[in-house]
Amino acid sequence: GEDVEQSLFLSVREGDSSVINCTYTDSSSTYLYWYKQEPGAGLQLLTYIFSNMDMKQDQRLTVLLNKKDKHLSLRIADTQTGDSAIYFCAETLNDYKLSFGAGTTVTVRA
Amino acid sequence: GAVVSQHPSRVICKSGTSVKIECRSLDFQATTMFWYRQFPKQSLMLMATSNEGSKATYEQGVEKDKFLINHASLTLSTLTVASAHPEDSSFYICSAGETGQQETQYFGPGTRLLVL
């Protein structure tokens, strides 16, 4: 089974904020990632956070990491229709292999 | 950001044929590349780690004689699906990180394989 868990669906109104949550199990994870996948395409690296950080902000994206609870979240401010996609949370150990969650399908409605 | 390409993007073949998929890092060198497989509406599953100049490392349950990996240069890894069967139909995606900066993995656009 998967060690990284995500909710499967999120529907958000255009202009609102989206929050996608993820839990992971391996406390040894050094990096945690958020990837975006549009239909029929590969994965686009959105952002990543080193495990000794609590927060990282990059334009409309804010990543929060609660290492104690092994909880990672991605907040997208001012969500746009182009943000509709599947978002994958992933963790990695020292060998840079990625373990992915099942993905959260984000649908942005007008 | 760095660019990783895959070729072909889509392939349809008859059962029993072999299919080769290329993964290239276009503007950086990668001593290690990873191959993933994704079934429809599912997550990515790591198949193997491709190591430049040495044998690939396969994940548990992945047949190395079925999925042949060659990493002959610092910018190219190939995955050959030997004697493909319909159950091998899937979306195959590679990733690569620049040597020394592998915490940032970039993914190729994927190759959709359909075996009839």
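Bear in mind that the values here come from a model prediction, so they are computed numbers and not experimental data. Every chain is numbered from 1 and lettered A, B, ... according to where its sequence line falls, protein lines coming before strand lines.
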Asks: Counting only heavy atoms not in K66(B), do more than 12 fall under 6.0 Å of its NZ?
Replies: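 Counting other residues, nucleotides and ligands, NZ of K66(B) exceeds 12 neighbours.
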Asks: Taking 4.5 Å as the heavy-atom cut-off, does anything in residues 67-89 of chain A contact chain B, and if so which residues?
Replies: F88(A)
Asks: Sort by residue number and list every residue of residues 80-90 of chain B having at least one heavy atom under 4.5 Å from chain A.
Replies: none
Asks: Using the ring pair (Phe, Tyr, Trp, His ring centres under 6.0 Å) criterion, which residues pair with Y58(B)? Sequence neighbours excluded.
Replies: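 Here no residue qualifies.
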Asks: Same cluster for F67(B) and L98(A) if Ile/Leu/Val/Met/Phe/Trp/Tyr side chains link at under 4.5 Å?
Replies: no
Asks: Against chain B, label F50(A) side chain, backbone, both or neither, depending on which of its atoms sit under 4.5 Å from a heavy atom there.
Replies: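 No part of it gets close to chain B.
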Asks: Kindly give the heavy-atom pair with the smallest separation between S43(B) and A102(A), and that separation in Å.
Replies: CB-CA, 3.7 Å
Asks: At a heavy-atom separation under 4.5 Å, does L44(B) approach chain A through its side chain, its backbone, both, or neither?
Replies: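 Both parts, heavy atoms under 4.5 Å.
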Asks: For atom CZ of R60(A), is the number of surrounding heavy atoms from other residues, nucleotides or ligands below 6.0 Å larger than 12?
Replies: yes
Asks: Considering residues, nucleotides and ligands other than K56(A), do more than 12 of their heavy atoms fall under 6.0 Å from its NZ?
Replies: yes
Asks: Give every donor-acceptor pair under 3.5 Å between a side-chain atom in residues 37-45 of chain A and any protein atom, sequence neighbours left out.
Replies:
unit_1, atom_1, unit_2, atom_2, d
Q37(A), OE1, Q38(B), NE2, 3.1
Q37(A), NE2, A41(A), O, 2.8
Q37(A), NE2, Q38(B), OE1, 3.0

Asks: Within the supplied structure, the quantity of interest is the number of heavy atoms (other residues, nucleotides, ligands) at a distance under 6.0 Å from R13(A) CZ; does it exceed 12?
Replies: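 Atom CZ in R13(A) is not crowded, with 12 or fewer foreign heavy atoms closer than 6.0 Å.
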Asks: Out of curiosity, does M53(A) fall in the hydrophobic cluster containing Y24(A) (side-chain heavy atoms, cut-off under 4.5 Å, transitive links)?
Replies: yes
Asks: If Ile, Leu, Val, Met, Phe, Trp and Tyr residues are connected whenever their side-chain heavy atoms lie under 4.5 Å apart, and connections chain through other members, are I12(B) and I21(B) in the same group?
Replies: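 No, no single cluster joins them.
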Asks: In Å, rounded to the nearest 0.5 Å, how long is the span from OG1 of T57(B) to NZ of K97(A)?
Replies: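 Going from OG1 on T57(B) over to NZ on K97(A), the span is 6.5 Å.
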Asks: Are L46(A) and V106(A) connected in the hydrophobic side-chain network, where two residues link if heavy atoms are under 4.5 Å apart?
Replies: yes
Asks: Under a 4.5 Å cut-off applied to non-hydrogen side-chain atoms, are Y48(A) and Q105(B) in contact?
Replies: no
Asks: Using the benzene-type ring in the case of Trp, are the ring centres of F34(B) and Y96(A) under 6.0 Å apart?
Replies: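 Not under 6.0 Å, so no.
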Asks: Are V12(A) and L61(A) connected into the same hydrophobic cluster when the rule is that any two of I, L, V, M, F, W, Y join if their side-chain heavy atoms are below 4.5 Å apart?
Replies: yes
Asks: At their closest point, which heavy atom of Y33(A) faces which heavy atom of T104(B), and how far apart are they?
Replies: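 Smallest interatomic distance, heavy atoms only, reads OH-N, 4.4 Å.
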